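What you see is a predicted model, and the numbers here were worked out from it, not measured in a lab.
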Amino acid sequence: MVNRIEQGYEIYDNNCVTVTHYEDDHIIFTVNSIKTETVYTVSMLYGYWNCDCADYQYRNQKNPGSFYCKHLQAAQFKLYDIIKRSH
């Protein structure tokens with residue numbers, strides 16, 4: 001888990017996360033991979049997070065709501081940054 005948090009921060013820190021839609025209860029992010037040209041979509045709807053990467057889809061299916069991939073971590077760092085700047 002710590003490894004995914006560190007990888008997520010690295011993605012965030014490299015400015016690879018963009019907010020494409022923002023409402024209080026619905027946010028959509030695009031997350032660009034650092035190593036490949038792959039783009040992932042991370043969303044938060046009413047507090048529930050989702051990522052379209054294979055890692056998240058596979059692991060979350062086993063135990064819904066219990067897994068956070070590096071893309072989701074990166075999006076959460078971006079959201080924290082947005083919230084911090086608004087206060």
Distance-only donor-acceptor hits, side chain of residues 76-83, under 3.5 Å, sequence neighbours excluded:
residue, atom, partner, partner atom, Å
Asp81, OD2, Tyr12, OH, 3.4

* **Presence of salt bridge, Arg4 and Asp55, under 4.0 angstrom** =>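 Result for this pair is yes, salt bridge flagged.
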Which distance, rounded to the nearest 0.5 Å, do you find between the [atom1] of [X] and the [atom2] of [Y]?
X     : Y     : atom1 : atom2 : result
Glu23 : His21 : CD    : NE2   : 3.5 Å
His71 : Thr30 : NE2   : OG1   : 12.0 Å
Lys70 : Glu6  : NZ    : CD    : 12.5 Å

Check: Any side-chain heavy atom of Phe29 sitting closer than 4.5 Å to one from Thr18?
Finding: no
Heavy-atom nearest pair, Asn50 first then Leu72, reads N-CD1, 4.1 Å
| query | Which atoms form the tightest heavy-atom contact between Val42 and Trp49, and what is the distance? | reply |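 Between these two residues, the closest heavy atoms are CG1-CE3, 3.9 Å.
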For the pair [X] (side chain) and [Y] (backbone), establish whether a donor and an acceptor sit closer than 3.5 Å, ignoring hydrogens and angles.
X     : Y     : answer
Gln57 : Cys51 : yes
Ser43 : Ile28 : no
Asp52 : Tyr40 : no

I'd like to know if [Y] and [X] are part of one continuous hydrophobic network [Ile/Leu/Val/Met/Phe/Trp/Tyr, side-chain heavy atoms within less than 4.5 Å].
X     : Y     : value
Tyr68 : Ile34 : yes
Tyr22 : Val31 : yes
Val39 : Met44 : no

